[in-house]
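One structure below.
Just so it is clear: chains get the letters A, B, ... in the order the sequence lines come, proteins before strands, and each one is counted from 1.
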Amino acid sequence: MDQHPLLAPLNEAQRAAVAAAPGPVLVLAGAGSGKTRVLTHRAAWLILEHGLAPQGLLAVTFTNKAAAEMRGRIETLLGIPGSALWIGTFHGIAHRLLRRHWREAGLPQTFRIQDEDDQQRLVRRIIREQQLDEQRWPPREVTGFINRQKDEGRRPPQLEDRGDPTRRQLIRIYELYQQRCNQQGLVDFAELLLRAFEVLRDQPQLGAHYRSRFRHLLVDEFQDTNTIQYQWLRLLATDGGAPFVVGDDDQSIYRWRGARVENMQQFRRDFAAQVFRLEQNYRSTAVILGAANAVIAKNRDRMGKELWTAAAGGEPIRVYAAFNERDEAEFVLERIREHQRSGEPLAACAILYRSNAQSRAFEEALMAARIPYRVYGGLRFFERAEIKDALAYLRLTQAPADDTAFERIVNLPVRGIGAATLEQLRAVARQREQSLWDAVETLAPELPARAANALRGFRALIARITAGIAGLELHEQIRLAIEASGLREHYAREKENRGEARLENLEELVSAAEGFAPDDDEGLPPLAAFLAHATLESGEAQASAGLDSVQLMTLHSAKGLEFPTVFIVGLEEGLFPSEQAAADADRLPEERRLCYVGITRAMRRLYLTHAESRRIYGRTGYRDPSRFLAELPQQALTEVRPRISVSRPLATDPGRPIVRPDTRAWAAPAVSPRRSHSARPVPGEDTPMPLGARVRHPKFGEGTILRFEGNGDSRQVHVNFERAGQKWLMFSLARLEQL
DNA sequence: GTGCGACGATTTTAG
DNA sequence: ATCGTCGCAC
């Protein structure tokens, strides 16, 4: 039978979904069932078979990574550049709409996006101005309240205090916060979505325009949509639009972030959608899938789905009861060594844990064994303090009224503008309803000459930078700001290790600007586009992606990934499920889904470990094995017993560290191995000294080389010094002498 | 303006 | 245990 080439590589269920008649479709896509493939083939199918113009398609994802992957795969399928396609994250697309229709949205043309950090700073400032107690009104929680309201589509006037004074105060702060954002032209992440929704809803001609333009909407990870995202889709998809949404209710793990898994059922009802199920799994062995199915079967109210695979069998799932967290790490380390010996790449192994704090024991063990590893999470590039400092200078040149940027750098590097002066400045600004920038001129005549000069000097500096960057290329603008602001010098003075890394990151910022090519800048000037990009795509957390290394991450960040060998560690009551979830029947299902997500990451081998005792917050606790272990099909499990050679402390001596004598020296100081963004390893390039080589440093003394990263002038070396502990150094500057 | 010690919190996190 | 924030002393 002649098959359409787009359908040929698909299985029956995938084919049915891809070739479904245009109209509302809900695809229930199990883990590893080829959902991205269905999404991309659907896009190509609509364009090639139904004559849909590429501009008539809107594809939405949650992460930039997913958007980029989808774009790439559709380009490949269609053989055309994907630039005509609207593919992006919810936030990216909302941003694009608001840039186009800033006037209708009631925004200044120069509006800027504010990240969560800046949002919290602003909220904190408002709390202080209102003379409220920060203990009673923690900025984090207040910000959380504001964002939750926005995620639900609620503006202050629609909110009722219900006679609750706490709520009344929160609503009041929300109101003040929004006023300030409006004054300053700031849009936070939740605001992007809400405004984009409102502009489509309240401007009928705009809504009609986009409804008729985007006849087809594709949505990935639909189970993660929040209320406003769903409302937004509904707004676009009524009047005969054809939303094609893909999701998995069993992988819904972000309720605490506003995700509404109910949106899946809601969608089915609202749109009378056709439902397709993708249940054939191409990733894992039958044993692993059996375990995953058994665990998730304990949840009620599922849409219903059971994964299966054409392949039979598979290795048993191995369970290890560790004595404590060090023993657990040793066990994992030994298994990784075995796999390494059998020629498997390290990157085939992932260690998944419930909370970030658990990574430590594994990092220490891996470091001691000199096995490269990579920890996901942590600060991302554009979130680093020095990067935000440099960008704040540039933001002020674009918008002097940006109080958050002003506060951030007015005295960085220090230029004699003290807390008292700033306090007066804030008071004047508030009183006159001015920006801090404008308040400088108001206040200066009343200040002592020194403070007045310092403040005027700051304004003059910003003015100089503003004039200086005019007409320059983007990366030159940034370089100039870093120099003229004094930031470079400031960081150069900082204690060598930190300062060096920061200088490098600033250098990397210039490089990032050099390579920056906005694809949907909506006519924004390059600098404005770059600033938006920096906020919207905060970049990779970790360098060293190219190096073969063991992967460490939380179960949450593992979603969407797969690994031949997976270790799920810390399977203990109170840890996984977490304390809070274990105590609350309403929160258990999500925790169980998280377990399901973890299990389904494994392709061939799955190890589950728990520890009888574990140090947490400095105290040793004893925990029962996780209930999830009991929910697994017992015939699929093999209990791994510790070998005799594993040194176990006596029961009477539970505190003794389990460290082999020959590795003891390595286990000592726990310096975080997280590295600067700019360290880009080039695989295959030789290292200037062998790993493990003994070296001497003029200041730190003798040590051993643990690893290298990067090359050329930016090559960094990680050395474990006997006296000074572990340090990352610039190889070209470190003057290491090999012994 | 800097540095140090006390204090408190500590699940998960994309844009 | 550890990390970030805050207040106070130099």
Side-chain angles (χ1 to χ4, degrees), chain A residues 60-67 88-95 113-119 124 134-135 138-141 144 147 150-151 187-193 196 220-221 224-226 229 252-259 325 352-361 364 376-380 382-383 385 411-421 454 493-495 532-541 553-560 570 574-584 587 590-591 593-595 597-598 614-621 670-672:
Chain A
V60 202
T61 64
F62 275 85
T63 67
N64 290 306
K65 193 174 153 206
T89 62
F90 276 98
H91 293 87
I93 287 171
H95 176 234
I113 309 168
Q114 175 172 244
D115 69 14
E116 242 161 24
D117 184 54
D118 288 341
Q119 182 184 28
R124 172 175 287 122
E134 272 182 72
Q135 307 291 308
R140 247 189 81 84
E141 282 173 33
N147 289 337
K150 290 189 176 186
D151 284 349
V187 174
D188 59 53
F189 288 131
E191 185 74 18
L192 280 174
L193 301 177
D220 193 13
E221 305 277 17
D224 288 338
T225 50
N226 65 27
Q229 286 161 336
S252 164
I253 55 175
Y254 287 115
R255 187 171 77 156
W256 50 276
R257 206 166 75 179
E325 75 276 4
L352 310 184
Y353 35 78
R354 180 63 177 81
S355 82
N356 285 307
Q358 288 167 261
S359 74
R360 184 167 205 105
E364 283 174 8
Y376 283 65
L379 265 197
R380 278 141 359 135
F382 286 109
E383 292 170 352
N411 201 29
L412 185 94
V414 288
R415 44 177 74 92
I417 299 170
T421 308
R493 273 182 222 283
E494 222 178 298
K495 279 181 260 153
H533 164 84
T535 313
L536 232 34
E537 300 190 34
S538 36
E540 273 277 301
M553 68 193 82
T554 63
L555 286 149
H556 281 90
S557 33
K559 198 175 86 158
L575 232 202
F576 187 31
S578 70
E579 201 93 59
Q580 299 87 328
D584 181 352
R587 302 177 65 171
E590 180 146 312
E591 206 75 357
R593 293 195 288 268
L594 190 56
C595 184
V597 166
R614 181 182 296 277
R615 261 182 109 72
I616 276 183
Y617 306 143
R619 272 220 298 274
T620 302
V671 172
S672 166

Point-to-point distance, once rounded to the nearest 0.5 Å, from OG1 of A:Thr89 to CZ of A:Phe189: 9.5 Å
A:Tyr254 six-ring centre to A:Arg257 NZ/CZ under 6.0 Å and within 45° of normal: yes
Whole angstrom value for the distance that separates C1' of C:dT2 from CD of A:Glu364: 12 Å
Side-chain N or O of A:Asn64 closer than 4.0 Å to phosphate OP1/OP2 of B:dG15: yes
Under 4.0 Å protein heavy-atom contacts per nucleotide of nucleotides 3-13 of chain B, with B for base, S for backbone only and - for none: -------BBBB
Sugar-phosphate only, base, or nothing, as touched by A:Ile417 at under 4.0 Å among non-hydrogen atoms: sugar-phosphate
Rounded distance in Å - CD1 (A:Ile616) to P (C:dT2): 14 Å
Nucleotide of C:dC6, C:dC3, B:dG15 approaching A:Glu134 most closely (side-chain heavy atoms): C:dC6
Distance-only polar pair, side chains of A:Gln119 and A:Asn147, donor-acceptor under 3.5 Å: yes
Touch class at under 4.0 angstrom, heavy-atom based, for A:Asp224 against every strand present: nothing
Touch class at under 4.0 angstrom, heavy-atom based, for A:Phe62 against every strand present: sugar-phosphate
Report, one pair per line, the protein and nucleotides 7-10 of chain C atoms (nitrogen or oxygen only) whose separation is under 3.5 Å.
none

Separation between OG1 of A:Thr61 and CD1 of A:Ile93, rounded to the nearest 0.5 Å: 7.5 Å
Length of the line joining A:Leu379:CG and C:dC3:P, which is rounded to integer Å: 13 Å
Test: A:Arg354 and A:Glu591 ion pair at under 4.0 Å: yes
